[in-house]
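Data first, discussion second: the structure below is written as structure tokens.
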Amino acid sequence: MLEAARAGRVAKVYQAAGLGHDPRLDELAKLAKVEVVPAARLDTMAPGVNQGVAAELKPRREWTLKQLLDARPSLLVALDSIMDPQNLGAIIRSAEVAGADGAIIPEHRTAPLSPAAVKASSGASELLPIARVSGLPSAIVEVKRAGIWCVALDLRGELNPWDFDFKQPVCVVVGSEGTGVQRLVKERCDARVKLPVSGRVASFNAAAAAAALLYEVMIQRTSS
């Protein structure tokens, strides 16, 4: 909620009466109007675990792919068929931490940006520009036309991550755990990288793989 308030999306905060002091509440009060309400009313407004605070949010800004590309991004993350909201949120979190300029998510065959996904993102979904596209294969073409290299994370990739130059503008494409990046998307990408594994399990899960690759991007971009 605090990240949403920092992003200007909180219209009003509802705080349960008798809630103990928390420095985060002080910051919320500076960013949005706070109304103290009986705990029972808050439970009705926000069923489930609400930690004594709920918020009325303004509509999320909708980005188009063109708007995202017009901002001349140096790092984008595209999510292909990520159906698990926990993975969706975790990948968005890793992307924001790694300094990504935006995420590209298809309108179909993907998890919604639900409260579970937002929670898993730890507030990153409020900070990272997210563009919805009708189809990822056509979006990849547009990204490449903007001068951005597209790199798919693929179990059968030809390159290790450290063998690709991630200092240049790049879009990292992450696929689902079951089928990975779809064939047409892989074919339209400029390169396919794989994460080497040493154990008996064949691969990392989607969120862990994305985090590992994005960390390699950070290492390359911060090294002298």
Side-chain angles (χ1 to χ4, degrees), residues 62-96 98 100-114 117 121 125 128-197 201-214 216-217:
E62 296 290 338
W63 289 75
T64 65
L65 181 58
K66 183 179 184 303
Q67 289 172 331
L68 210 56
L69 297 177
D70 284 346
R72 302 181 66 84
S74 66
L75 176 60
L76 296 173
V77 177
L79 287 72
D80 185 11
S81 305
I82 302 296
M83 304 300 295
D84 183 348
Q86 298 291 334
N87 277 337
L88 178 69
I91 294 171
I92 290 173
R93 176 180 181 176
S94 294
E96 204 286 325
D101 302 298
I104 302 170
I105 302 177
E107 293 177 348
H108 306 291
R109 297 187 68 244
T110 188
L113 201 55
S114 63
S121 79
S125 62
L128 189 70
I130 298 174
R132 293 275 186 178
V133 296
S134 57
L136 205 53
S138 58
I140 294 298
V141 173
E142 293 302 313
V143 172
K144 291 173 65 175
R145 283 178 181 164
I148 300 171
W149 290 77
C150 292
V151 180
L153 186 53
D154 182 24
L155 281 172
R156 298 176 180 82
E158 302 90 356
L159 299 171
N160 290 320
W162 45 86
D163 293 326
F164 186 86
D165 180 10
F166 282 106
K167 293 181 181 179
Q168 58 195 330
V170 67
C171 175
V172 172
V173 184
V174 183
S176 68
E177 292 185 35
T179 58
V181 177
Q182 58 179 302
R183 179 187 58 81
L184 188 54
V185 173
K186 282 194 292 187
E187 290 177 354
R188 294 187 177 181
C189 284
D190 299 292
R192 289 158 292 279
V193 300
K194 61 182 177 182
L195 294 176
V197 296
V201 177
S203 65
F204 298 95
N205 75 6
L213 182 56
L214 288 166
E216 171 63 22
V217 175

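Here the side chain of Asn160 pairs no donor or acceptor atom with the backbone of Asp163 at under 3.5 angstrom. Looking only at distances, no side-chain donor or acceptor of Ser138 sits under 3.5 Å from a matching main-chain atom of Ser134. One N or O on the side chain of Asp84 and one on the backbone of Gln86 form a donor-acceptor pair closer than 3.5 Å. In this structure a side-chain-to-backbone donor-acceptor pair under 3.5 Å is missing from Lys167 to Val217.
Between Glu107 and Arg132 there is no salt bridge, since none of the side-chain N atoms of the basic residue sits less than 4.0 Å from a carboxylate O of the acidic one. The existence of a salt bridge linking Asp154 and Lys194 is excluded, since no basic side-chain nitrogen approaches an acidic carboxylate oxygen closer than 4.0 Å.
In terms of heavy atoms, Leu76 sits closest to Asp101 at CD2-C, 4.2 Å. Between Ile91 and Ala207, the shortest heavy-atom distance links the atoms CG1-CA, 3.8 Å. Across every non-hydrogen atom of Ser94 and Ala211, the tightest pair is OG-CB, 3.5 Å. A pairwise comparison of heavy atoms in Trp149 and Gln168 identifies NE1-OE1, 2.9 Å as the closest pair. Closest approach of Val181 and Gly175 over heavy atoms only: CG2-N, 3.5 Å. The shortest heavy-atom contact between Trp162 and Pro196 is CH2-CG, 3.8 Å.
In this structure, the side chains of Leu88 and Ile105 come closer than 4.5 Å at one or more pairs of heavy atoms. Inter-residue side-chain proximity for Asp80 and Ser176 is flagged as unmet; no heavy-atom pair is nearer than 4.5 Å. Residues Phe166 and Leu75 have side chains not in contact (no heavy-atom distance under 4.5 Å, counting atoms from C-beta outward). Taking 4.5 Å as the limit, some side-chain heavy atom of Ile148 sits within range of a side-chain heavy atom of Leu69. Arg192 is not listed as a side-chain neighbour of Val151, based on a closest heavy-atom distance of 4.5 Å or more. Counting heavy atoms from C-beta outward, Cys171 and Val77 have side chains that stay 4.5 Å or more apart.
For the side chain to side chain contact (heavy atoms under 4.5 Å, CB included) with Cys150, the qualifying choice from Lys186, Arg188, Lys144 is Lys144, the only one to do so.
Taking CD1 from Ile140 and CD1 from Ile104, the interatomic distance works out to 6.0 Å, rounded to the nearest 0.5 Å. The line from CH2 of Trp63 to CG of Leu128 is 9.5 Å long, rounded to the nearest 0.5 Å.
With hydrogens and angles left out, the side-chain atoms of Ser121 and Arg93 include no donor and acceptor closer than 3.5 Å.
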